[in-house]
Structures are given as C-alpha cells and as structure tokens.
Enquirer: 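One structure follows; several queries about it will come next.
Computed from a predicted structure; not experimentally measured. Per chain, numbering begins at 1; letters A, B, ... match sequence-line order. Because only heavy atoms are used, hydrogens play no part in the values below, and waters and symmetry mates are left out as well, while side chains stay in.
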Protein chains: 2
Amino acid sequence: MAAVRNAPRNAPRNAAVTVHLVILTVLDDELVALVLAGNPNRVRLPSGRVVDDEELRRTAERTLWELTGLESTDVHVEQLATYGAPRQVTVAYLAIIPGVAAEAITDVDLEVAVGDDGVGIDPDDDSAPEDEADRADEDEAEWLPVGELLDNPDCLAFNHHQILDDGVERARAKLEYSTLGTAFCPDEFTIGDLRRVYQAVWDTTLDPRNFHRKVSTTADFLVETGRITSGESGRPARLFRRGDVDRLHPALLRPTD
Amino acid sequence: MAAVRNAPRNAPRNAAVTVHLVILTVLDDELVALVLAGNPNRVRLPSGRVVDDEELRRTAERTLWELTGLESTDVHVEQLATYGAPRQVTVAYLAIIPGVAAEAITDVDLEVAVGDDGVGIDPDDDSAPEDEADRADEDEAEWLPVGELLDNPDCLAFNHHQILDDGVERARAKLEYSTLGTAFCPDEFTIGDLRRVYQAVWDTTLDPRNFHRKVSTTADFLVETGRITSGESGRPARLFRRGDVDRLHPALLRPTD
DNA sequence: GCAAAAGTGTTTAGCTTACACCCATGT
DNA sequence: ACATGGGTGTAAGCTAAACACTTTTGC
C-alpha cells in the first residue's frame, strides 16, 4: 500500500524562538497571573528571547528572574507546550511562586525590569509584523485574577489566552495527583494555608476537616516543623514544610459538581 | 528589593526547528516503537524539518504520513515536549497507531519513504555537526520493543532515549485517566483486545473479569456495535467502537506492585 | 463567654480486589 | 468431552464525603 511518499517541499527555514511565561500565584485567596499591560485594553504574557546558546529552561528562568528577582531554586518552573507560528516558535513555561514572594514584587519594581536591547537582529530574521518578543520596555506588570482573564478571551493578545488556559489547566490538574500545591506556599505553612491554595486554584470550597485528614495522613507530603502559628484568630496551627514526595497516592480529586 | 535587572546579552539568533516522533503501537502483545537504523548499533527516532509556514502539528502529521501512509484522522497525535539545544530546537510528538495498521507497514515500504531533499540550506544555518534531521535516506525503519530500547540507554542516538522515555511514560500515564488505549485498537475491537493493549503498555497482567466490568460500566467509554467475533478459540466476544469520552472517571489505575 | 479556626471520631456510600462461577464456541 | 477465553455475581477491604464534636487561641 505505502510507497514512496516524498512530497516536494521548499527549503527549511530557521525560526525565531521565544519563551513565554505563565506565572501563577495566590493573592488574597485568589489565583492570579502576572501580565504585562501593553496596548490599551490588551495585556500579554511576559516573554523572553533565547539568547546565545541558552537552554530553553534557562531562558525561562532568566526571564523570570529579570521580572521578579526570584531564583529558580525558589520557584517551580516546568515546560507547558510549544506553539508554532510562521517563522516564530513559542515555548511556554509555567512558573508557580509563593504568594508572599509575589507580594514583595510591586508595580514599581516591575516597570523597568522588562527590556530587550534589540541589537544585532539576525539577517535571516524576516519575522512577521506581529513580533511580540521585543520592545517590552515601558510596560507595566500586574497581577490579574485568572478568572477574569479567562472569562474575557479578548483581553489577552496574540494566542496568550490559549497559553494561559493551558497553564491554568495544568496547574489545576497537577494539584490532584502531585504536591505542586506547596509551590504556592512559603517555606513554612499551615494545612489551612495549603487548603486555601487548593480552593483558590480550583475555585471551589473544600471541607477543612477532610482536607486536613487527607494531607496529614499522606506519607511524606508534609513535614512538621514543631513550630505553631500565633497571633491569629482561632486555635494555633502547626507549621509544616514540603515533604519529599512529588506524586500523591491516592490522588486528591477535585469536587465533581 | 528588586530593581533593574537588565542583564547584558548578545543578539538573539534563530534556530533550526525539527520535529521528532515517538510512534508507538502494540504488536504481538508487546509495546514497540518505530525507529530508524542509521549508524551501526545506533538507532534514532524519525524526524522532520519544519518547512515553509507549517504548523508544528502539521509537520508531525506530514512526517508520520511520509513514514507510514497514515492520515492524521486515523492516528492519535499529541505534542510531547520541546528540547532545546544550541541553534537547534526539537519539538517531540507522540503518535499512537493501531497494531493492525502497523502490520501493514513492511520494511520494504519504509526503506525509501524517509528522505530530505536538503536543498537551499539557510545561510544562517551554522548548525552543529550533529545535525540529525537531514540525510535520512537509505535508512531502514523497524519496530523495536520499547522495553529493550529503554533498558539500553546507548542504543538510541542523541537525546532520543530521553524523548522515547518521555513518550512512553506519557502513554502509560494517559491510559490511567483517559481513553487513549483505544488508539492502539482498530475500529472494532473486543474488551479482551483492549485489555491486552493495557497489559502490553503497562507491562503487567490484569484480571480479565475486573477489567471487563470496569470498562464496560464506564459510560461512553465503549459503544457496542452489535457484532461479535467468530472463528477464534473460546466464547465469541462482543465488538465495540471507541466512545465519545476522553477522560475516565474514575481512573483505571496501574497495579502498584 | 463567644467567635473562629484547628483538629479528631464516626457513619455511610462507592469503588476496587480477589475469586467462585457460569456461558459459548472450536477441536 | 474439554480447553479457551468471555462474561456475571459476591464478599472483603479501602477511600472519600458528610458532619457531630472537641480543642485552643484572640477578643
């Protein structure tokens, strides 16, 4: 049946490779993403160009550092997906940072942190007019609720709505079968803190008693520090650190309704 | 805390973009992958260059078609991950094809099906000596057991061991919570056929009775055709088609031992 | 004392596992 | 008759959902 199938084709061309970032955190019990305000009424995701012989992951981590000052050791970074366009390939990464670290990043800090010197454009670079990776200067960065961003498909430029949607869905899914939820928490946190992260990411409510039992009986999910909270309303809570495991057995499934 | 963090950097360069394929099927109750025999003792995964303004997915599907003659409507194709190297970006795709379709692809067919005319190399293409996407002619393609390929890390060239490992793990994981297993089956298949797919991919054995109940009671996983098998040993089995659902609720978990 | 959040115990329902058992066909 | 694989029934064990209840703090 199958025979020679050499289709005629033109010469392969090189493509500009950019990295885009979906940076998520939880602020005030709400899942928010870091976006740059460029054109009026249109925000976009942070991005960076692959420079020199950088690894893709290193590009993502460097761009994240330029935006937030956070080292990759403090942040969860994983590859999301790659989106191809003519002459332009975008590799999207998902970054998850603790809410307390996000609070330290003010708009003032962010305003000048993004930039691309843009010297020495490659001779082959006949990129499309919609080239987005350059001239990121003078843009303000802000944390916007994911719910609003996803509900209004037009408020994100280019294909960034798709990328954000993929990133949020990845995060939501991974909370079920992995310990990724702790990446939203600071070094030490209570089980209630972790539950509020789950509730914010899943946009739902969870029974505090059952959640407590579930995470506290899953071996190596949480490690007790011996310290407890104080000064807050209610009974003091034990403080925990992330444990060693990555996967949750059995999973902690989202409510079905 | 954070201030201006414009690190000095050189001009961004364009990269050659190639697509690599992890093509899996089940032959004789064994999970096998399609590999090309190039250098002695070293096989590699099929690959294709992105030509013209192709979408990445289209490149993957075109390359698969050149190799196997299969249309993308008959095959499950999903993006796996992207691996970055200097001047070279590889986007890996996972393809799953039915065993009966794989049997129709003989070595004779495959021998001449792979090729790259290689005209008009881009002036910017100062790719590393290990450029792998070209001169794929004269290579023979064959189905090799995944177990053997993964047990011998040196038998796959470049980073193809890593790519294959990622692809196999993706397939194994997705059998748990999705209906991907049916992609290994022909249009009509029995529950026993599907169970042998699960057993081959997971390299384990499953209780036929419990597996039968599980898949037959999960709504919309399988659709009865009304036909039954005949001519084989044992009681005839009902023939099914894939149902509409993509996700399995609840999941069909791998045995833990 | 009262509100608020942490944490424990108990019941019930659903799902998985293991396995006994029956069914329908080829040889 | 018997081997072979298809298919059903059932009891035991594990898990999660729902919720009553106790504990320990701040005010």
Enquirer: Can you sort out the partners of Arg196(B) under side-chain hydrogen bond (donor to acceptor under 3.5 Å, both in side chains), two or more places apart, ordered by chain and number?
Expert: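 Checked Arg196(B) against side-chain hydrogen bond (donor to acceptor under 3.5 Å, both in side chains); matches are Asp193(B).
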
Enquirer: Whole angstrom is fine here: how far is it from CZ in Arg254(B) over to P in dT17(C)?
Expert: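 So the CZ-P distance, Arg254(B) to dT17(C), works out to 14 Å.
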
Enquirer: Rounded to the nearest Å, what distance is computed from the CZ atom of residue Arg238(A) to the P atom of nucleotide dA6(C)?
Expert: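 Rounded to the whole Å, the gap is 12 Å.
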
Enquirer: Across the strands shown, which category fits Arg213(B) at heavy-atom distances under 4.0 angstrom: base, sugar-phosphate, nothing?
Expert: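 The answer is base, as Arg213(B) lies within the cut-off (heavy atoms under 4.0 Å) of a base atom.
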
Enquirer: In whole angstrom, give the distance that lies between atom CD of Glu224(A) and atom C1' of dG7(C).
Expert: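 Atom-to-atom, Glu224(A) to dG7(C), this comes out as 12 Å.
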
Enquirer: So, applying salt bridge (charged side-chain N to carboxylate O under 4.0 Å, His left out) with Glu188(B), which one of Arg238(B), Arg227(B), Arg242(B) is it?
Expert: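 By the salt bridge (charged side-chain N to carboxylate O under 4.0 Å, His left out) criterion, Glu188(B) pairs with just one of Arg238(B), Arg227(B), Arg242(B): Arg227(B).
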
Enquirer: What nucleotide, of dA24(C), dT16(C), dA5(C), holds the atom closest to the side chain of Pro250(B)?
Expert: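 That would be dT16(C).
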
Enquirer: On the nucleotide dA6(C), are OP1 or OP2 found under 4.0 Å from the side-chain N or O atoms that Arg195(A) carries?
Expert: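 For Arg195(A), the contact criterion (side-chain N or O under 4.0 Å from OP1 or OP2 of dA6(C)) is met.
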
Enquirer: Measuring only between side-chain heavy atoms, which start at C-beta, is Val32(A) closer than 4.5 Å to Val146(A)?
Expert: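 A side-chain contact is absent here, since even the closest heavy-atom pair is not under 4.5 Å.
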
Enquirer: Quickly work out the Arg227(B) CZ to dT25(C) C1' distance and round it to whole Å.
Expert: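 Rounded to the whole Å, the gap is 19 Å.
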
Enquirer: CG of Asn210(B) versus C1' of dC21(C): gap in Å, rounded?
Expert: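 Computing the Asn210(B):CG to dC21(C):C1' distance gives 14 Å.
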
Enquirer: Look at His212(A) and dG7(C) and indicate whether a side-chain polar atom (N or O) is within less than 4.0 Å of OP1 or OP2.
Expert: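 For His212(A), the contact criterion (side-chain N or O under 4.0 Å from OP1 or OP2 of dG7(C)) is met.
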
Enquirer: A side-chain contact here means heavy atoms from C-beta on lying under 4.5 Å apart; do Thr82(B) and Gln79(A) qualify?
Expert: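 Yes, their side chains come closer than 4.5 Å.
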
Enquirer: Grab the two heavy atoms, one from Ala92(A) and one from Ile163(A), that are nearest each other, plus how far apart they are.
Expert: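 Smallest interatomic distance, heavy atoms only, reads CB-CG2, 3.6 Å.
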
Enquirer: Would you call Val75(B) and Thr68(B) a side-chain contact if the rule is heavy atoms closer than 4.5 Å?
Expert: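 Of all side-chain heavy-atom pairs linking Thr68(B) with Val75(B), none is under 4.5 Å.
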
Enquirer: Report yes if some heavy atom in the side chain of Trp143(A) is under 4.5 Å from a heavy atom in the side chain of Leu34(A); otherwise report no.
Expert: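 Yes - at least one pair of side-chain heavy atoms lies under 4.5 Å apart.
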
Enquirer: Any sub-3.5 Å donor-acceptor pair from Thr25(A)'s side-chain atoms to Ile97(A)'s backbone N or O?
Expert: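 Here the side-chain-to-backbone pair exists.
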
Enquirer: Nearest nucleotide by nearest heavy atom, which residue falls closer to the 5' end of DNA chain C, Glu232(B) or Pro236(A)?
Expert: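 The 5'-side residue here is Pro236(A).
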
Enquirer: Between the base of dA5(C) and the side chain of Arg235(A), is there any donor-acceptor pair under 3.5 Å?
Expert: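 Between dA5(C) and Arg235(A), which were checked side chain against base, a qualifying N/O pair under 3.5 Å is absent.
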
Enquirer: From the 5' end of DNA chain D to its 3' end, which nucleotides mark the outer limits of contact with chain A, defined by a 4.0 Å heavy-atom distance cut-off (strictly under)?
Expert: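 Listed 5' to 3', the contact boundaries are dT15(D) to dG26(D).
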
Enquirer: Give the nucleotide from the list dA18(C), dA24(C), dA20(C) with an atom nearest to the side chain of Arg209(B).
Expert: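 It is dA20(C).
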
Enquirer: Roughly how far, to the nearest 0.5 Å, is CG of Asp244(B) from CZ of Phe221(B)?
Expert: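 Spacing of CZ (Phe221(B)) from CG (Asp244(B)) equals 12.5 Å.
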
Enquirer: CG of Asp207(A) versus P of dT10(C): gap in Å, rounded?
Expert: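 Roughly 17 Å, once rounded to whole Å.
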
Enquirer: Using a heavy-atom distance cut-off of less than 4.0 Å, which residues of residues 175-188 of chain A contact DNA chain C?
Expert: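 Contacting residues: none.
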
Enquirer: Reading DNA chain C from 5' onward, which residue's closest nucleotide shows up sooner: Lys214(B) or Asp193(A)?
Expert: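 Upstream on the strand: Asp193(A).
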
